[in-house]
Asks: 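Sharing a structure with you now.
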Amino acid sequence: MADHSVEITEGCRLPVLRKNQVNEDEWPLAEILSVKDIQGKKLYYVHYIDFNKRLDEWVTPDRLDIKKLQFPKKEAKTPMKDGLPGSRPSSPERDVKRKAESVSLATQVTAATPVPSLPSSAEASQASVYPAMRDSSFSIKSRDEHEPLTSLTTNGTTSIQRHLIPPQPGRKRKSCGGTDEMVKMFQNNSPRCSTIYLLPGEDSQDSSDGIPSAPRMTGSLVSDRSHDDIVTRMKNIDCIELGRHRLKPWYFSPYPQELTSLLILYLCEFCLKYLKSLKCLQRHLTKCNLRHPPGNEIYRKGTISFFEIDGRKNKAYSQNLCLLAKCFLDHKTLYYDTDPFLFYVMTEYDSKGFHIVGYFSKEKESTEDYNVACILTLPPYQRRGYGKLLIEFSYELSKVEGKTGTPEKPLSDLGLLSYRSYWSQTILEILMDLKSENGERPQITINEISEITSVKKEDVISTLQYLNLINYYKGQYILTLSEDIVEGHERAMQKRHLRIDPKCLHFTPKDWSKRGKW
Amino acid sequence: MSKLSFRARALDALKPLPVFRCEDLPDLHEYASINRTVPQMPTGMEKDEESEHHLQRAISAHHVYGEKRDNMVIPVPEAKSNITYYDSLYPGDFKMPKQLIHIQPFSLDTEQPDYDLDSEDEAFVNKLKKKLEVEALQFEEMIDRLEKGSGQQLVTLQEAKLLLKEDDDLIREVFEYWSRKRKLCKNVSLIPNIKQEKRDGSSTNDPYVAFRRRTEKMQTRKNRKNDEASYEKMLKLRRDLSRAVTILEMIKKREKSKRELLHLTLEVVEKRNAMPDFGSEVMAEALAMAKPVYKIPIIPFSSSSQYRHQDHIDFKDYKTRPEKIEVVRTKRKYEKKPKITPLSAPLHTVPSLFNPKDLNQYDFPSSDDEPFSQIHSGSSEAEEENEPDGAFAFRRKAGCVYHAPRLDQSGDWPWSGDTEGGSCDPRFRYSLTTLTIPRRCVGLARRRLGRGGRFLLDRAYSDLNGVFQSLDTDSEPDFSFPASPLHLQTTSQTVPSSSSSQSSSSSSSHTTYSDLRHILQNIKACRWRHFKPRTLTSQSGAGDVLSRRAFRGLMRGGAGLGGRTLGPPAVAFTAEQYQQHQEQLALMQKQQLEQIQQQANDTGSSQSLVSKTVDSVSAQFAASALMTSDQLLTLKVKEDGVGGGVNGVVQASGVYKGLSISATSSSQPTLTAAPPTFLSSTSNSNTSSAHTVHIPIGNHGNNTANSTSQVLIGNNLRLSVTTPSIGSLNARHLPRSLSNVPPTALKLTASNCQLPKVNTGENHEQEKQSLNSIAENTVAMEVT
């Protein structure tokens, strides 16, 4: 199929064969992100549209359905100047800077896709407002297929324009009102955004000067501009060996470039140092005497322990941990050093030592009530309740601190599901335990829930909404617990045997605002 | 739609929400449509991802089934946990400690090489082992050092030998192996490292660059106070450090020149040895040829004499403060020393002034005999105990050549005669001198022109002194002061000083008067070479100050020599005094200008009369004030005086130590001249309170100010003046001058007040300065 005369280049779209979880053949539409030639055999790096990037992969030509090939449109160079949402940005500076071999056709394709007339559907409105966050060409399609847009879209757009029109640099770092997402987007991705949404005549301002703008300094999940780079859109490590596990990375991670060509990248299980060969690992292990993360153990119950690592004091480990975590976190940025973060590493003990299961990082001082920056359960431990344990632990820390907290945004798909699940269970636990006093209905305020759980108020509300518990009844809001919810919750709680025991936590929060302690 | 016609209230987080079971509310569905009014919360995901297929499927699955189904889970790339050799890699003997693990800071810093041997290296090492003794770890260490030793350029073999401790053969082998391997690998380093950011900022977008430094400051808003304080501390630290650097550089310079000196000496010795000059004749010859020419710094010789004759340093200067020196030594208060130690005061010397301390300022006791540094450091206490002369003992000064006195030639001073090699300037001859106030002849004296045009009178003794005293009979009737006993008494005590300040008695107010008188005097003086001192410019109040100035350090030994002019005039001027003088000169000039202005406005005669009365009043005033101070008092001066309404009260909580202020006759003229100064200082303190008014005469000055002023003085001294209804006379012209006095003129700096130097002649100097003094002055005055 591939030896047709047509050349499949980056940016082309076509159905690609992949097996789904139940091992059935699927032909989802995919975009070619990169092509490489190994001993005369071509390999294509494909991104399945509407699938998470972690499923992107190198495929052989025989998995491509050439007959349905869509070429990228050439006129895509002109971005949508009318400020309409939905056009994939093709900011000139990116195209210029992009390396020759990775001509960004992806962007061109998208821009070329005919812009649908303002669609209308409530659910997708947000999606269409922020189509350009990354490789979002598919968002158009998705909109067409499932979720037409509402008039909200326009609202969103205009509000964005309003924010963007004064192109003050200082503005970018401040939140200018609006939803979290918008704020975040402007803070981090202003160059890109401006290219998309700028009014006619203004589009060249950010892109033409070519002055690279650094991402904001706080937080850890922000995608910087390099995120846009085609390089970062492709996995660069094939396989990582960590202890007894072999992990297939999901995303790009900036390990030393010379190590990306390895078939297997070896990590020391305890210090997480990267090594190019098993021999090196063996040699390293003769010198490395760590058997646990190099920090203070602040929690231990059974075999589960938590270690606290200061990103400033233990740079080597923190960086190694971040590099590993980046393999599984799309939005994590390693742009800046680890100094302002604490890392809480969850381990499981056996006779070989304390094995890392997962971790979360946390800003020492968060201006936005974040109690978690990045959070990850390593793939071998996923879907076994460890994620929830990590989340629970993060809220236990917040309880000790006497604060409410929320995870840094954006959440990943798995992050959203985990957090929602945790929030739901935590809140339902409280609601079900409410006893009616002197015969009246039990009642509780949102703030009370927030205080008990350390879950930020907004998250409480969103969870209540998500669970459909808030109802308006006879002039007031009430919380209703349906039978389904109650049963589902009871079932879920039975399965949840991994819990944090606050009594085992030995943690005194530090006042990081006192600079000397850094 | 009817249900939507009303708006639901916004969800209130503070409002209790009743919790219902759905089965209890059968009619709930009827209200369901209103639920939409609750604002939709964002999920927190990026929107494009939110729409991803698997997530949506998982979410909907959750909605449908209430829990996750396995096939509805978001798929992720697989992970395997079946590494067979795992158990052999990691030892399985780790025991969980009973206690929570606590990491000691820095315990993690092990000195292990970062480089890890790979298979290729292993083969090489094994091969090498046959020839040389080498271990894998040792090899790793060597490579590690080579890698870390090379930046852009590789380490050379020579450098490698310096870097590595091993023996040469091994180094050569490993080096060759390493450089070969390094060339083959295209990477920056054999130790894989995360890409660092480049300084030029070109790496901003390089996706492989990670962990950049945060260049921007983190938010400091929360602890702004803290930041300011620490900022100041940092500034101070920086200043101190830079000072240390300066000192170190000076030391370096000094040691360099010492080394140079050593080399030169060595050279000389070698040369002499080669010559051979064992009898040091050649040396002597050479020395004679290269006789160093020391230039006496060009300043009035009265002050330079101090440096040429250090052993003669005016004894009185020290006499007044011996206990102070003691105190300082025992306390060893480093910062205070510069102020109080006799010789270290002029840290801020006038540049033109040559000062021995400048030479020694950066010297340290490490060097040979350096008298000043010893005094500075106080390190030679024990030594001093052995020397009866203490601080006044003669010490050789580095860089000075001391010659034996030449008896055949007494000097080439301008006043010595031809026989002595002098120019025999008539100005320096002793002649009969008459003082204008009191009207009497003081005998033989000679006049010298001091700095700033002041006159110094050197008196000489002669047998005819008694005759001379009687010579001066002519009187000037209209120039009389009310004779108070005090006045007389003090006058007799301090003849030389009063004589000169008398000359200045022609203060601003009676200009026309004194002009005439001086012309007369001049005529007389010319006739019989009878000198009667006079002021330079009769109009100015500056004159008296200047002339009074001239008395500082006036040598009191000269009179005993009976007309012989052999000895150098032992007039001691210290650097501080000079500086002080400069400052006062500036002030005087200002005042002079003001007074000229005044005179332009006022009619001469009435003015003069008025001021004269004031003069007498103020004289008494001052005298009484001084008397009280004389008794070592906590001052409480109540003055009524002729002026009547003067209610000046000085309250001093402290005691004036060692300040023996005696009212001299010369204080009288001072007073007339003083008011402008006083006033201005007072007014200034009224407004800014930066300046402090001080001691008795301050009170005096305040009287002239027609306002109530309360002045806080640096050290516990409080001076409060209540409405002087008098002042009138002075006040008439003084306010005008007030406005003209620029603040700079008021700032007679701290150094002005050098208490230890107080002698009778300087008393009013002291007093006056103290008026203008700032807080530091009070320190110098030792008001405690």
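Letters A, B, ... are given to chains in the order of the sequence lines, protein chains preceding strands, and every chain is numbered from 1.
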Asks: Using heavy-atom distances under 4.5 Å, tell me whether B:N82 contacts chain A through its side chain, its backbone, both, or neither.
Replies: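 Answer is backbone: N, CA, C or O of B:N82 sit under 4.5 Å from chain A.
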
Asks: Quick one: closest heavy-atom pair of A:K287 and B:P113, and the distance?
Replies: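 Closest heavy-atom pair between A:K287 and B:P113: NZ-O, 3.3 Å.
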
Asks: Quick check on A:Y466 against chain B: is it the side chain, the backbone, both or neither that has a heavy atom closer than 4.5 Å?
Replies: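 Interface part for A:Y466: both.
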
Asks: For the interface with chain A, which of B:D93, B:L117, B:L55, B:I101 has the highest count of heavy-atom pairs at distances below 4.5 Å?
Replies: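 Most pairs with chain A among the choices: B:I101.
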
Asks: Assign the ring pair B:H53 / A:F51 to parallel, tilted or perpendicular, where the plane angle (0 to 90°) is split at 30° and 60°.
Replies: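 B:H53 vs A:F51 ring planes: parallel.
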
Asks: Looking only at heavy atoms and a cut-off of under 4.5 Å, which of A:R300, A:E241, A:R420, A:Q443 has the most pairs with chain B?
Replies: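 When all of A:R300, A:E241, A:R420, A:Q443 are compared, A:R300 has the most.
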
Asks: Does any part of the side chain of A:K315, heavy atoms only, come nearer than 4.5 Å to the side chain of B:F211, both counted from C-beta?
Replies: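 The answer is no; the side chains never approach within 4.5 Å.
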
Asks: Charged N to carboxylate O under 4.0 angstrom, B:D116 versus A:K273?
Replies: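 Salt bridge: yes.
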
Asks: Quick check: do A:N471 and B:F20 have side-chain heavy atoms less than 4.5 Å from each other?
Replies: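 No - every pair of side-chain heavy atoms lies 4.5 Å or more apart.
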
Asks: If you take all heavy atoms of B:M41 and A:S462, which pair is closest and at what distance?
Replies: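 Residues B:M41 and A:S462, closest heavy atoms: CB-CB, 3.3 Å.
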
Asks: With the side chain counted from C-beta on, respond yes when A:N20 and B:P75 share a heavy-atom pair under 4.5 Å apart, and no when they do not.
Replies: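 A:N20 does not reach B:P75 side chain to side chain.
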
Asks: Hey, what do you get for CD (B:Q112) to NE2 (A:H284), rounding to the nearest 0.5 Å?
Replies: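 One gets 9.5 Å once the value is rounded to the nearest 0.5 Å.
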
Asks: Please classify the contact between B:Q99 and chain A as side chain, backbone, both or neither, with a heavy-atom cut-off of under 4.5 Å.
Replies: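 Contact with chain A involves the backbone of B:Q99 alone.
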
Asks: Locate the shortest heavy-atom distance separating B:D24 from A:R441; write the atom from each residue and the value.
Replies: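 Smallest heavy-atom distance, with atoms named: OD2-NH2, 3.2 Å.
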
Asks: Shortest non-hydrogen contact from A:T232 to B:P207?
Replies: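 So the two residues come closest at CG2-CB, 3.3 Å.
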
Asks: Would B:L14 and A:T445 count as a side chain to side chain contact (heavy atoms under 4.5 Å, CB included) here? Give the steps.
Replies: CA-CA 6 Å; B:L14 293 169; A:T445 69; 5.6 Å; no

Asks: Pick whichever of B:G92, B:C185, B:C22, B:P77 has the most heavy-atom pairs under 4.5 Å with chain A.
Replies: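 Most heavy-atom pairs under 4.5 Å with chain A: B:P77.
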
Asks: What are the two closest non-hydrogen atoms of B:V73 and A:R383, and how far apart are they?
Replies: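 For B:V73 and A:R383, the tightest heavy-atom pair comes out as CG2-NH1, 3.0 Å.
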
Asks: Report which part of A:I478 has an atom under 4.5 Å of a heavy atom belonging to chain B: side chain, backbone, both, or neither.
Replies: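 Both parts, heavy atoms under 4.5 Å.
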
Asks: Can you see which heavy atom on A:R291 is nearest to which on B:P91, and at what distance?
Replies: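 For A:R291 and B:P91, the tightest heavy-atom pair comes out as NH2-CG, 3.2 Å.
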
Asks: Side chain to side chain contact (heavy atoms under 4.5 Å, CB included), that's the test. Do B:H54 and A:Q21 meet it? Break it down for me.
Replies: CA-CA 11 Å; B:H54 291 113; A:Q21 286 136 291; 4.3 Å; yes

Asks: So which residue, A:L378, A:L278, A:D350, ends up with the most heavy-atom pairs under 4.5 Å with chain B?
Replies: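 Top count of heavy-atom pairs under 4.5 Å with chain B: A:L278.
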
Asks: Test side chain to side chain contact (heavy atoms under 4.5 Å, CB included) on B:D87 and A:K352; report intermediate values, then the result.
Replies: CA-CA 9 Å; B:D87 287 328; A:K352 291 189 186 290; 2.9 Å; yes

Asks: Report the option among B:R21, B:M96, B:K195, B:K80 that has the most heavy-atom pairs separated by less than 4.5 Å from atoms of chain A.
Replies: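 The answer is B:M96.
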
Asks: To the nearest 0.5 Å, what is the distance between CD1 (B:I103) and CG (A:L290)?
Replies: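 With rounding to 0.5 Å, CD1 (B:I103) is 6.5 Å from CG (A:L290).
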
Asks: Which residue out of A:S450, A:S482, A:P379, A:A492 racks up the most heavy-atom pairs below 4.5 Å with chain B?
Replies: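 Top option by heavy-atom pairs under 4.5 Å: A:S482.
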
Asks: Where on A:V460 is there a heavy atom nearer than 4.5 Å to chain B: the side chain, the backbone, both, or neither?
Replies: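 Nothing of A:V460, per the 4.5 Å heavy-atom cut-off to chain B.
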
Asks: When rounded to the nearest 0.5 angstrom, what is the spacing between CG in A:D50 and CD in B:Q56?
Replies: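 Spacing of CG (A:D50) from CD (B:Q56) equals 9.0 Å.
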
Asks: Parallel, tilted or perpendicular: which fits the ring planes of B:Y90 and A:F270, with parallel below 30° and perpendicular above 60°?
Replies: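 The rings of B:Y90 and A:F270 stand perpendicular, inter-plane angle above 60°.
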
Asks: Rounded to the nearest 0.5 Å, what separates atom OG1 in A:T286 from atom CD in B:E140?
Replies: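 Spacing of OG1 (A:T286) from CD (B:E140) equals 6.5 Å.
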
Asks: Can you confirm whether A:E440 sits close enough to B:P18 that some side-chain heavy atom of one is under 4.5 Å from a side-chain heavy atom of the other?
Replies: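 A:E440 vs B:P18: side chains apart.
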
Asks: For the pair A:R283 and B:E122, find out whether any cationic side-chain nitrogen is under 4.0 Å from an anionic carboxylate oxygen.
Replies: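 Here A:R283 does not pair with B:E122 in a salt bridge, since their nearest N and O are not under 4.0 Å apart.
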
Asks: Under a 4.5 Å heavy-atom cutoff, which of B:L89, B:L100, B:D114 has the most pairs with chain A?
Replies: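 It is B:L100.
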
Asks: What residue in A:Q282, A:E448, A:K276, A:H292 has the most heavy-atom pairs under 4.5 Å with chain B?
Replies: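 Heavy-atom pair counts peak at A:H292.
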
Asks: Counting C-beta onward and ignoring hydrogens, is there a side-chain heavy-atom pair between B:I194 and A:P256 closer than 4.5 Å?
Replies: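 A side-chain contact exists here, since the closest heavy-atom pair is under 4.5 Å.
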
Asks: Given the options B:I191, B:V209, B:D121, B:L137, which has more heavy-atom pairs under 4.5 Å with chain A than any of the others?
Replies: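 Among the listed options, the one with the most contacts to chain A is B:L137.
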
Asks: Heavy atoms, side chains only, cut-off 4.5 Å: are A:D413 and B:E49 in contact?
Replies: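 Side chain of A:D413 against side chain of B:E49, heavy atoms only: no contact under 4.5 Å found.
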
Asks: Measure B:E23 against the heavy atoms of chain A and call it side chain, backbone, both or neither at under 4.5 Å.
Replies: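 Side chain of B:E23 only, per the 4.5 Å heavy-atom cut-off to chain A.
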
Asks: Give, for atom CZ of A:R246 and atom OH of B:Y86, the distance between the pair rounded to the nearest 0.5 Å.
Replies: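 Atom-to-atom, A:R246:CZ and B:Y86:OH are 14.0 Å apart.
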
Asks: Who among A:L479, A:T480, A:I446, A:D337 has the most heavy-atom pairs with chain B under 4.5 Å?
Replies: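 Greatest number of close heavy-atom pairs with chain B: A:D337.
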
Asks: Looking at CG of A:L469 and CG of B:L17, how far apart are the two atoms once the value is rounded to the nearest 0.5 Å?
Replies: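 Rounded to the nearest 0.5 Å, the CG-CG separation comes out at 10.5 Å.
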
Asks: Would you mind checking which part of A:Q382 comes under 4.5 Å of any heavy atom in chain B, side chain (CB onward), backbone (N, CA, C, O), both or neither?
Replies: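 For A:Q382, the contact with chain B is made by the side chain alone.
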
Asks: Please classify the contact between B:Y85 and chain A as side chain, backbone, both or neither, with a heavy-atom cut-off of under 4.5 Å.
Replies: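 Answer is side chain: those atoms of B:Y85 sit under 4.5 Å from chain A.
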
Asks: Between B:I74 and A:N52, is there a side-chain heavy-atom distance shorter than 4.5 Å?
Replies: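 Not in contact.
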
Asks: Any side-chain heavy atom of A:V231 within less than 4.5 Å of one from B:Y208?
Replies: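 Side-chain contact under 4.5 Å: yes.
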
Asks: If you count heavy-atom pairs under 4.5 Å with chain B, which of A:F328, A:F354, A:Y419, A:Y299 comes out on top?
Replies: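 Highest number of pairs under 4.5 Å: A:F354.
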
